[in-house]
Amino acid sequence: MKRLISFRDGRQVCPLGQGTYQMGRRRNEEIQALRRGIDLGLTLIDTAEMYGTEDLVGEAVRDCRDKAFIVSKVLPGNASYEGTKRACERSLMRLGTDYIDLYLLHWIGRYPFAETVRALAELQQEGKILQWGMSNLDVADMEHILTLPHGGECAANQVLYNLKDRGIEYDLIPWSEEHKIPVMAYTPLGEGRLRGHRTLTEIARRHNATPTQIMLAWVMRTQNVIAIPKASSAAHVEENAGSLDISLTEEDLHEIDKAFPAPKHKIPLAGW
């Protein structure tokens, strides 16, 4: 059985999910890709009110909602107490579902965390969301979240992470492991710019794999990280899914570290 990532409430997901940022241009093909991913066990699908893909996700999972683990996000500009509640209702309507599996604050805005967290906790109590979390928060802000009423229920943090953006390894990943808060890695392929790198192509050759699969296997190499690459075709989804069968060797990891060095000091969180 393939490795699973566990959330606070005991629910488990495959460490490889499906992103939907900038989807919607080839709707039918993208819906088929998301469905193919679910068939392959990639049940976590990431969207957000900002992406404009919630209706697409809703259509993709209409006949398999019980299998899907939907993640969506509230924009910071909507993240007041009342605004968070209203944004969630709009997302539920667009998704065509009566609950969201994991609902995140997209990034830091002008509203106090306490106000947003109070709304998230109430939405959870009402059953409109099953879990809630954060996105684009560094260690200090995550520590602040945990001090708030209900803050200990924070279930995830979604951040930028790939071979070129390894800053979170210095402190955020260890902190998250210690607090049992899964990290969701967006842009795990570095927007595709790294596929032709000599080191990756050589490691891929040894594994009879593709550079894409090597990059994803690398992101998922630790016990607490979920990768959410976008795949807008079934073939791309199938390629991504092949990364789950790859176990990188110590030699592989050493070569990757030489080509893409790990951080030796604190690096400010990249992303939004």
Side-chain angles (χ1 to χ4, degrees), residues 4-14 17 20 43-51 53-55 57-58 61-62 64-159 175-184 186 224 226 228 272:
L4 297 173
I5 303 286
S6 297
F7 287 97
R8 286 193 185 282
D9 67 353
R11 295 187 73 194
Q12 295 181 311
V13 298
C14 174
T20 63
T43 56
L44 186 151
I45 302 178
D46 180 74
T47 184
E49 64 172 335
M50 189 192 87
Y51 299 169
T53 56
E54 288 175 320
D55 62 327
V57 171
V61 307
R62 187 171 298 149
C64 55
R65 177 64 185 95
D66 59 325
K67 294 181 182 176
F69 186 103
I70 297 175
V71 182
S72 194
K73 311 178 196 74
V74 56
L75 279 165
N78 293 334
S80 65
Y81 170 75
E82 291 291 349
T84 301
K85 294 281 197 79
R86 289 193 295 268
C88 182
E89 295 288 356
R90 292 193 298 269
S91 289
L92 289 168
M93 192 174 303
R94 287 188 291 264
L95 287 161
T97 187
D98 55 3
Y99 69 96
I100 295 170
D101 298 270
L102 176 61
Y103 195 48
L104 310 177
L105 171 64
H106 209 150
W107 67 88
I108 299 169
R110 68 182 185 274
Y111 295 108
F113 285 137
E115 195 172 329
T116 309
V117 168
R118 182 162 70 97
L120 293 169
E122 289 183 14
L123 287 165
Q124 184 177 22
Q125 290 158 8
E126 293 161 6
K128 292 174 180 174
I129 63 176
L130 301 189
Q131 299 182 94
W132 61 266
M134 296 288 136
S135 183
N136 297 296
L137 263 62
D138 212 338
V139 172
D141 289 314
M142 288 298 292
E143 287 181 333
H144 176 56
I145 293 293
L146 296 191
T147 68
L148 300 172
H150 299 286
E153 296 158 19
C154 180
N157 186 19
Q158 184 176 129
V159 293
W175 184 93
S176 301
E177 288 177 348
E178 179 186 345
H179 291 84
K180 297 181 169 58
I181 298 176
V183 171
M184 299 177 65
Y186 69 79
N224 202 45
I226 302 164
I228 48 170
W272 296 96

statement: CG (L4) and CZ (R11) are apart, to the nearest 0.5 Å, by 12.5 Å
- prompt: Quick one: are Y103 and V71 in side-chain contact, heavy atoms under 4.5 Å?
  reply: no
- prompt: Do the non-hydrogen side-chain atoms of W132 and V74 ever get within less than 4.5 Å of each other?
  reply: no
field: Donor-acceptor under 3.5 Å (Q158 side chain, M184 main chain)
entry: no
- prompt: Just by modelled atom types, is the F69 backbone N or O under 3.5 Å from a matching donor or acceptor in the T43 side chain?
  reply: no
query: Could you state the interatomic distance from CD1 (I145) to OG1 (T116), rounded to the nearest 0.5 Å?
result: 8.0 Å
query: Between atom CG of L120 and atom CD of Q125, what is the distance when rounded to the nearest 0.5 Å?
result: 11.0 Å
- prompt: How are the rings of F113 and H144 set relative to one another: parallel (under 30°), tilted (30 to 60°) or perpendicular (over 60°)?
  reply: tilted
task: Check P76 against L105 and note the closest heavy-atom contact, atom names and distance.
output: CA-CD1, 4.2 Å
- prompt: Are side-chain heavy atoms of W175 and I181 found at a separation under 4.5 Å?
  reply: yes
message: Donor-acceptor check, side chain of N157 to backbone of G133, threshold 3.5 angstrom: yes or no?
response: no
field: Nearest atoms (heavy-atom pairs only) where V159 meets L137
entry: CG1-O, 4.1 Å
query: Of I129, D9, I100, which meets side chain to side chain contact (heavy atoms under 4.5 Å, CB included) against Q124?
result: I129
- prompt: Between N224 and E178, does a side chain to side chain contact (heavy atoms under 4.5 Å, CB included) hold up when you go through it step by step?
  reply: CA-CA 10 Å; N224 202 45; E178 179 186 345; over 6 Å; no
field: C14 to I226 - nearest heavy-atom pair and separation
entry: O-CG2, 4.1 Å
field: Gap between atom NZ of K85 and atom CZ of R118 - 0.5 Å precision
entry: 8.0 Å
query: Is a side-chain donor or acceptor of T53 paired with a backbone partner of T47 at a separation under 3.5 angstrom?
result: no
task: Drop me the distance from T84's OG1 to E122's CD, to the nearest 0.5 angstrom.
output: 10.5 Å
- prompt: So, does T20 use its side chain to make a donor-acceptor pair with the main chain of D46 at under 3.5 Å?
  reply: yes
- line: Looking only at heavy atoms, the pair that brings A156 and F7 closest together is CB-CE2, 4.1 Å
task: Quick one: do I108 and N136 satisfy side chain to side chain contact (heavy atoms under 4.5 Å, CB included)? Show the steps, please.
output: CA-CA 7 Å; I108 299 169; N136 297 296; over 6 Å; no
task: Would you name the heavy atoms of S6 and P182 that are closest together and state the gap between them?
output: O-CG, 3.6 Å
task: Answer yes or no: is there a side-chain heavy-atom contact under 4.5 Å between R65 and I70?
output: yes
Side chain to side chain contact (heavy atoms under 4.5 Å, CB included) evaluation trace for T97 with L92: CA-CA 6 Å; T97 187; L92 289 168; 4.1 Å; yes
task: Hey, could you give me the OG/CD1 distance between S72 and I45, rounded to the nearest 0.5 Å?
output: 12.0 Å
query: For the side chain of E49 and the backbone of L75, is there at least one donor-acceptor N/O pair under 3.5 Å apart?
result: yes
- line: When every non-hydrogen atom of L146 is compared with those of C154, the smallest separation belongs to CD2-CB, 4.5 Å
field: Residues E89 and K128 bridged, charged N to O under 4.0 Å
entry: yes
